[in-house]
Amino acid sequence: MPVARPETSDARVIAHVDMDCFYVQVEQRKQPELRGLPTAVVQYNEWQGGGLIAVSYEARKCGVKRSMRGDEAKAACPEIQLVQVPVARGKADLNTYRSAGSEVVSILALSGKCERASIDEVYLDLTDAAESMLADAPPESLESIDEEALKSHILGMRREDGDDFKESVRDWICRKDADRRDKLLACGIIIVAALRKQVLKETEFSCSAGIAHNKMLAKLASGMNKPAQQTVVPYSAVQELLSSLPVKKMKQLGGKLGTSLQTDLGIDTVGDLLQFSETKLQEHYGINTGTWLWNIARGISGEEVQGRLLPKSHGSGKTFPGPRALKSLSNVQHWLNQLSEELSERLSSDLEQNKRIASTLTLHASAFRSRDSDSHKKFPSKSCPLRYGVTKVQEDAFNLFQAALREYMGPFGNKQETWRITGLSVSASKIVDIPSGTSSIMRYFQSQSTVPSCSADGCVQEHIVNAPSASEGCSEQRSVETQAASLEGDTGATYTLPDLDNLHKNIDLIPEKDMSCLLNETTDFQTQSGSNKGTQTKRIGRKTNNAKEKNQGMPSIVDIFKNYTATPQSKQETREDSTVSSTSKRANFSSRSSHSSEVNQEVEERRETEWSYKIGEIDQSVFDELPAEIQREFRSLLRPNKQLKAGKSKGDGSASSIAHYFPPLNR
DNA sequence: ACGGCTTTTACC
DNA sequence: TGGTAAAAG
């Protein structure tokens with residue numbers, strides 16, 4: 001599964017930042033009176049008090065563990081404060097945590113290449129920053145070292161008591177005769193300490209961090225001293241750190257592979273792993289995994305920090321355990337509608353905030369068939385081109401489900417045989433940026449498609465929102481229209497047979513932010529409450545978009561798209577997909593919401609990163625309606641590009657070949 | 001009758 | 001590719 005990456009010759013400085021019991025901190029910030037109390041976040045579940053998904057350190061002290069039930073936690077720690085995860089549409093709603101995670105990322109991304117590894121974890125490549133610091137203001141030259149940096153844990157350093165300890169840390173950081181690698185790490189210590197302080201100051205969240213020469217070691221280190229501390233792994237400490245470390249503790253070895261190492265080869269620690277030759281490991285696990293294992297046993301891992309601040313996919317799912325398993329199509333449809341609605345809302349936010357569109361919709365389900373030995377046959381996943389619009393997503397998801405169900409039940413859907421659905425999820429992937437740059441494409445769509453909203457009248461509509469979940473401050477707001485829209489297309493529907501072939505043709509390309517209005521397909525555009533459904537997008541954010549004042553009627557382009565998507569039949573010949581590849585430059589008309597800094601970071605980060613994406617065919621009739629200028633721009637975007645992916649080969653010349661379409665951003 | 005729910009990655 | 005499995009938090 002893992003794949004070998006040779007370590008680059010030059011020493012890097014990598015940090016892994018891990019938020020401390022993140023969900024708990026988010027809830028404690030919301031309810032400061034919970035601070036310092038033993039607290040846990042539970043996921044809604046009548047059953048035995050719900051499941052814990054985050055536990056504060058105070059609660060851990062009394063023996064409360066994640067994956068206890070609420071009841072058990074109460075038993076172990078009677079004074080524990082249990083906070084429920086917000087619920088929307090009958091399922092857990094993690095949006096507040098996602099937003100909080102974004103706040104953190106937007107701060108951490110300021111100092112180097114940044115990868116959002118999960119909702120509460122980030123990798124940073126601080127090599128450049130550390131090198132600059134070493135050149136300009138090396139630690140040894142500093143008058144004083146930050147207190148936070150002095151609290152660092154340095155592996156391999158003997159820990160003395162009290163003040164002596166900080167003194168030895170200071171000595172280590174400032175050592176003049178140190179190895180260059182150590183000096184770089186010393187800079188990393190100072191930088192990370194400053195970053196963590198910054199995060200605390202701006203978000204009120206504490207975090208822990210690991211600092212090392214690669215991701216693997218940084219990740220290992222970040223977990224060694226929690227909460228709110230940082231740990232460094234000097235090169236000289238690697239051997240000792242790894243030799244006694246149980247293999248199961250290493251990332252990627254926590255599952256079956258790690259178990260296989262133990263049971264098949266008798267390997268319990270990384271030290272044991274060290275005894276095996278590369279070829280031996282390759283014999284057992286294949287060339288890639290074998291090499292990878294051999295490398296990590298030596299602390300070698302060249303895996304790069306991906307400069308990615310935004311998720312690559314969005315999904316919404318729910319399980320229906322045991323007796324709650326779904327057994328009727330209409331029940332399945334109901335839940336698919338809920339899930340699709342949530343997904344659409346998130347796609348809408350992504351479009352609005354990040355100018356990205358997703359192009360693939362995937363349905364996953366798990367099922368069993370009672371009264372059959374073969375009852376655990378896998379329920380197949382199915383995907384199709386993603387069409388924007390809640391009802392479209394709902395429709396497509398349901399069609400995908402039915403297609404999968406037929407496959408699952410066999411060609412001659414054995415009459416009388418009964419199925420049960422124990423899990424459903426819909427997800428959107430293949431997300432690409434909408435190129436905008438200096439281009440007027442975005443602006444054009446923006447002015448054409450924006451919907452009447454709260455203009456000068458004091459934003460009345462904006463406040464007619466209902467907050468289904470614990471929404472406040474940074475959480476999400478949902479318009480009443482959205483909810484109303486969700487009521488249509490329910491159980492009374494006729495169940496058309498899935499037609500995958502057709503689905504595949506129904507590709508829609510709606511590259512526009514405010515096309516998010518299409519996501520609520522209430523038929524009356526005049527009464528739409530506006531486009532601000534997006535997470536965290538408050539009206540302050542809309543400053544740049546005054547175009548909304550005009551175009552009070554049905555915007556023509558929206559009309560076009562609407563008709564277009566509504567009548568897939570009329571769709572015309574499909575041409576070959578074109579691939580665009582370019583150095584992205586985009587206009588900066590992003591809002592001044594608290595998210596904008598993240599977005600801008602992301603833009604900045606991708607400045608020289610090549611992006612490439614596919615555009616499905618655009619209906620000629622739609623295309624023809626666009627102004628000539630826009631058509632030209634689209635055509636230039638649609639120019640095919642050879643080296644689509646061409647592996648990880650770095651900054652290949654591709655950027656320059658199209659550079660004149662998208663002049664690079666000024667640094 | 002499962003801890004839910006998300007997301008990423010590698011493989012065929 | 002699309003679909004699957006593993007892994008992680």
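Residue numbering restarts at 1 for every chain, and letters A, B, ... go by the order of the sequence lines. Quick note: numbers below take in every heavy atom, side chains included, and nothing from hydrogens, waters or symmetry partners.
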Novice: Students often get this wrong, so: under 4.0 angstrom with heavy atoms, is A:Arg69 touching a base, only sugar-phosphate, or nothing?
Specialist: sugar-phosphate

Novice: With sugar-phosphate meaning primed atoms plus P, OP1 and OP2, does A:Lys248 contact a base, only sugar-phosphate, or nothing at under 4.0 Å between heavy atoms?
Specialist: nothing

Novice: Starting from P on C:dA6, measure out to CG on A:Leu257 and report it in whole angstrom.
Specialist: 11 Å

Novice: Rounded to whole Å, please give me the gap between CG in A:Leu361 and C1' in C:dG3.
Specialist: 14 Å

Novice: Name the residue closer to the 5' end of DNA chain B, choosing between A:Ala325 and A:Ser313 according to the nucleotide with the nearest heavy atom.
Specialist: A:Ala325

Novice: NA contact type, A:Lys430, heavy-atom cut-off 4.0 Å: base, sugar-phosphate, or nothing?
Specialist: sugar-phosphate

Novice: Just by distance, with hydrogens left out, do A:Thr422 and A:Ser366 show a side-chain donor and acceptor under 3.5 Å apart?
Specialist: yes

Novice: Rounding to an integer number of Å, can you tell me how far A:Glu304 CD sits from B:dT9 C1'?
Specialist: 16 Å

Novice: Measure the distance from NZ on A:Lys377 to C1' on C:dA5 and round it to the nearest whole Å.
Specialist: 18 Å

Novice: Can you see if the side chain of A:Lys312 gets near the phosphate of B:dT8 - specifically, an N or O under 4.0 Å from OP1 or OP2?
Specialist: no

Novice: Quiz question: by atom type and distance under 3.5 Å, do the side chains of A:Thr231 and A:Asn225 form a donor-acceptor pair?
Specialist: yes

Novice: Would you classify A:Ser316 as touching base, sugar-phosphate or nothing, given that sugar-phosphate means primed atoms plus P, OP1 and OP2, and contacts are heavy atoms under 4.0 Å?
Specialist: sugar-phosphate

Novice: Does A:Phe320 have A:Arg324 sitting over its ring (NZ/CZ under 6.0 Å from centre, angle to axis within 45°)?
Specialist: no

Novice: What is the separation between atom CG on A:Asp18 and atom P on C:dG9, rounded to the nearest whole Å?
Specialist: 8 Å

Novice: Please give, in whole Å, the distance from B:dC5 P to A:Tyr23 OH?
Specialist: 12 Å

Novice: Phosphate oxygens OP1/OP2 of B:dT7: is one of them under 4.0 Å from a side-chain N or O of A:Arg116?
Specialist: no

Novice: Using the P atom in both, what is the distance from C:dG9 to B:dC2, to the nearest Å?
Specialist: 24 Å

Novice: More 5' along DNA chain B: A:Glu115 or A:Leu52, using each one's nearest nucleotide?
Specialist: A:Leu52

Novice: Are A:Asn295 and A:Ser301 linked by a side-chain donor-acceptor pair shorter than 3.5 Å?
Specialist: no

Novice: Please check the phosphate of C:dA5 (OP1 and OP2 only) for any side-chain N or O of A:Lys256 closer than 4.0 Å.
Specialist: no

Novice: Using OP1 and OP2 only, check whether a side-chain N or O of A:Lys251 sits under 4.0 Å from B:dT8.
Specialist: no

Novice: Have A:Ser340 and A:Lys392 got a donor and an acceptor in their side chains that come within less than 3.5 Å?
Specialist: no

Novice: Check every strand shown and say whether A:Met250 touches a base, only sugar-phosphate, or nothing at a heavy-atom separation below 4.0 Å.
Specialist: sugar-phosphate

Novice: Please state how far atom NZ in A:Lys378 lies from atom C1' in B:dC12, giving the value in whole angstrom units.
Specialist: 16 Å

Novice: Within the pair A:Asn288 and B:dC11, is there a side-chain N or O less than 4.0 Å away from OP1 or OP2?
Specialist: yes

Novice: Is there a side-chain polar atom (N or O) of A:Lys382 under 4.0 Å from OP1 or OP2 of C:dT4?
Specialist: no

Novice: So which nucleotide from C:dT4, C:dG2, B:dC5 ends up closest to the side chain of A:Ser383?
Specialist: C:dG2

Novice: B:dC5, OP1 or OP2 - any side-chain N/O from A:Thr319 closer than 4.0 Å?
Specialist: yes

Novice: Are the ring centres of A:Tyr97 and A:Phe22 closer than 6.0 Å?
Specialist: no

Novice: Remember a base hit wins even if backbone is also touched, and classify A:Pro323 as base, sugar-phosphate or nothing at under 4.0 Å, heavy atoms.
Specialist: base

Novice: In whole Å, what separates the P atom of B:dT8 from that of B:dG4?
Specialist: 22 Å

Novice: Rounded to the nearest angstrom, tell me the gap between atom CD in A:Gln43 and atom C1' in B:dT6.
Specialist: 11 Å

